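Encoded as structure tokens, the structure appears first; notes follow it.
As the structure is a computational prediction, the values presented were derived from the model and not from experiment.
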Amino acid sequence: MSKQYKPSTPKGTRDFLPTVVQRRNYIFDTIKTVFEHYGYQPIETPAMENLETLTGKYGEEGDRLIFKILARGEKLNKALADFNQTNLTEEALRYDLTVPFARFVVQHQNDLAFPFRRYQIQPVWRADRPQKGRYREFFQCDADVIGTDSLRCEVEIVQMLDNVFTKLGLPVEIKINNRKLLTALAAYVGEADKLIPLTIAIDKLDKMPLDKVLADLDNQGFSAEAQTKLKTVLEAARDLTDSAALMDKMEQVFAGNADGEKGLEELRYVFSKVKTLGLETSKLRFDMSLARGLNYYTGAIFEVVPRTDEQVGSISGGGRYDDLTGVFGMPGMSGVGISFGADRIYDMLEARDGFPKNETAGTELLFVNFGETEADFCHELLGSIRKAGIRAELYPDASKMKKQMKYANDKQIKFVAMVGEDEMAADSVTLKNMESGEQELIGKNELISKLKML
RNA sequence: GUGGUUGUAGCUCAGUUGGUUAGAGCGCCUGGUUGUGGUCCAGGAGGUCGUCGGUUCGAACCCGAUCUUCCACCCCA
């Protein structure tokens, strides 16, 4: 060992310390509880999928960001020898949870009750350059219902989003649009074949002025007439902040276009049901400039942004896909889902000091270790204390008291029990409150009731 | 994938006409307190200056490559 390897996690990945994990679990648990209240059931899928399962589902950009797993052993040697690059990798880490879910549904269709509601909280991997709030490994919390095209599912998604962010104390705006409107828009301006570049360009409108976006489209070969038409529509979309007014406006624009009329009808349905049912803290807004990159979406699309001054990325997104299972041999399964970005929600909550206090699951009581016989006495007590639901531990070594007390202090353990010769003789313990510094002698049978009172 | 940026002790950071043994605060360890932490006092450990290579009599400092960090683009949770 000549050189010391300096330890670090791979680029864009992180370790999580205990307090961070506890806070992350708070987010996961909140989301999970809401999902379960709506009848969603948990599933898990492998970290890796066959490369074929993933490629072609996320668009050109997405394919590039798939984390591929290099072939090993003979296969690798053979592929290298043949210069056959396509065989260099057969597997890849999952890029999201939706496509693996589609694969899952097709594979297990006979074991599932449709419409099938599942939720899934697992890490996904993307091979892009990390920056703030953006990692190569991050967790997604997805809920999807597949096997129905009922718009009530969209309504429930809005409700779930509202429930989760209300519980988390994070006021949000839920932006909603419909891919059918984007299809209609492309047709309306006479560029029906350029739907994808159009959606990508429109998606930039919240970051870029309209003229720049139009200039982008000019480069993509959009006609001058298309650009003028787009400008009119998108300006209206930008200036009409009232969703109802914007829908009325789009009604005029898309009159006679089947996709446009259908999209608006869907939107109006969701809005009217949400209005009747009511939202706690969230705002729902129709946003024509919401497009979303993933090109499997066909109906409603959602994105959630915090209602704060800072400009941050979306913390949740989703939409309806009509035929994601089709490529796996099961056509006609419509589904709709939502995905929460736990890492970004974490960053948001941390910035606003929004985690609950006293939510730690740390040790409540530490027994100081004075030696073998004293430790035996404490160890016996621990059984009933733990059964009573108190988180307690015995310091494993008979180290110096100062060291043991410091350990309790560092771990923010609220109570320390000291049992030496005197206490053992009196069949009791000295209980010290680490916050006040007070301590008292307590009979061992009263210890549990005493602790429960405090 | 493109452009830029960062990297010195466990952490946050000082450290230029390149020149002897590289510093601070916090943290850590030991003692003051043989059964008492968080405060205080005294002492101590810890760095081949991200890595590799080059320029130079001499490099933390200049140059190149590479890795990492952060930022913009692309895209996205």
Next on the checklist: Once ring-ring contact (aromatic ring centres under 6.0 Å, His included) is applied, do any residues pair with A/Tyr135, and if so which ones, sequence neighbours excluded?
Outcome noted: none
Checklist outcome for this item: To the nearest angstrom, the CZ-C1' distance between A/Arg136 and B/rC70 comes to 15 Å
Next on the checklist: Counting neighbours of CG on A/Asp15 that are heavy atoms of other residues, nucleotides or ligands and sit closer than 6.0 Å, is the number greater than 12?
Outcome noted: no
Checklist entry - Taking the nucleotide of RNA chain B with the closest heavy atom to each, which residue, A/Arg64 or A/Thr13, is nearer the 5' end? => result A/Arg64
Checklist outcome for this item: A/Glu61 CD to B/rA77 C1', in whole Å, measures 15 Å
Checklist outcome for this item: Checking B/rG38, B/rU69, B/rU36 against the side chain of A/Met418 (C-beta onward), the nearest is B/rU36
Next on the checklist: Between B/rA60 and B/rG53, how many Å separate the two P atoms, rounded to a whole number?
Outcome noted: 15 Å
Next on the checklist: Please classify the nucleic acid contact of A/Lys432 as base, sugar-phosphate, or nothing, using heavy-atom distances under 4.0 Å.
Outcome noted: base
Checklist entry - Which part of the nucleic acid does A/Phe340 contact within heavy-atom distance under 4.0 Å: base, sugar-phosphate only, or nothing? => result nothing
Item to check | Rounded distance (nearest 0.5 Å) linking atom CG of A/Asp259 with atom CG of A/Asn178 | outcome: 9.5 Å
Next on the checklist: Rounded to whole Å, how long is the line connecting atom CD of A/Gln140 with atom P of B/rC76?
Outcome noted: 13 Å
Item to check | Among B/rU36, B/rG37, B/rA77, the nucleotide that comes nearest once only the side chain of A/Met434 is considered | outcome: B/rG37
Next on the checklist: Defining pairs by Watson-Crick or G-U wobble geometry with both distances under 3.5 Å, how would you list the stems of RNA chain B with at least three pairs each?
Outcome noted: B:1-4 with B:70-73, B:10-13 with B:23-26, B:28-32 with B:40-44, B:50-54 with B:62-66
Checklist outcome for this item: With the side chain defined as heavy atoms from C-beta on, A/Lys204 is closest, among B/rG35, B/rG31, B/rC74, to B/rC74
Checklist entry - Can you tell which of B/rA77, B/rG37, B/rC74 lies closest to the side chain of A/Tyr135? => result B/rA77
Next on the checklist: Under 4.0 Å, counting only non-hydrogen atoms across every strand here, what does A/Phe370 touch: a base, just sugar-phosphate, or nothing?
Outcome noted: base
Checklist entry - Which of these passes side-chain hydrogen bond (donor to acceptor under 3.5 Å, both in side chains) with A/Ser334: A/Thr148, A/Asp149, A/Asp322? => result A/Asp322
Next on the checklist: Does A/Gly12 reach a base, just sugar-phosphate, or nothing at all? Heavy atoms under 4.0 Å.
Outcome noted: sugar-phosphate
Item to check | Value in whole Å for how far the P atom of B/rC74 lies from CD of A/Gln220 | outcome: 12 Å
Item to check | OP1 or OP2 of B/rU36 under 4.0 Å from side-chain N/O of A/Lys406 | outcome: no
Item to check | Interatomic distance, A/Gln131 CD vs B/rA77 P [rounded to whole Å] | outcome: 14 Å
Item to check | Sole residue of A/Leu431, A/Thr430, A/Val429 in side chain to side chain contact (heavy atoms under 4.5 Å, CB included) with A/Leu441 | outcome: A/Thr430
Checklist entry - A/Phe67 ring centre to A/Arg126 NZ or CZ under 6.0 Å, with the angle to the axis within 45°? => result no
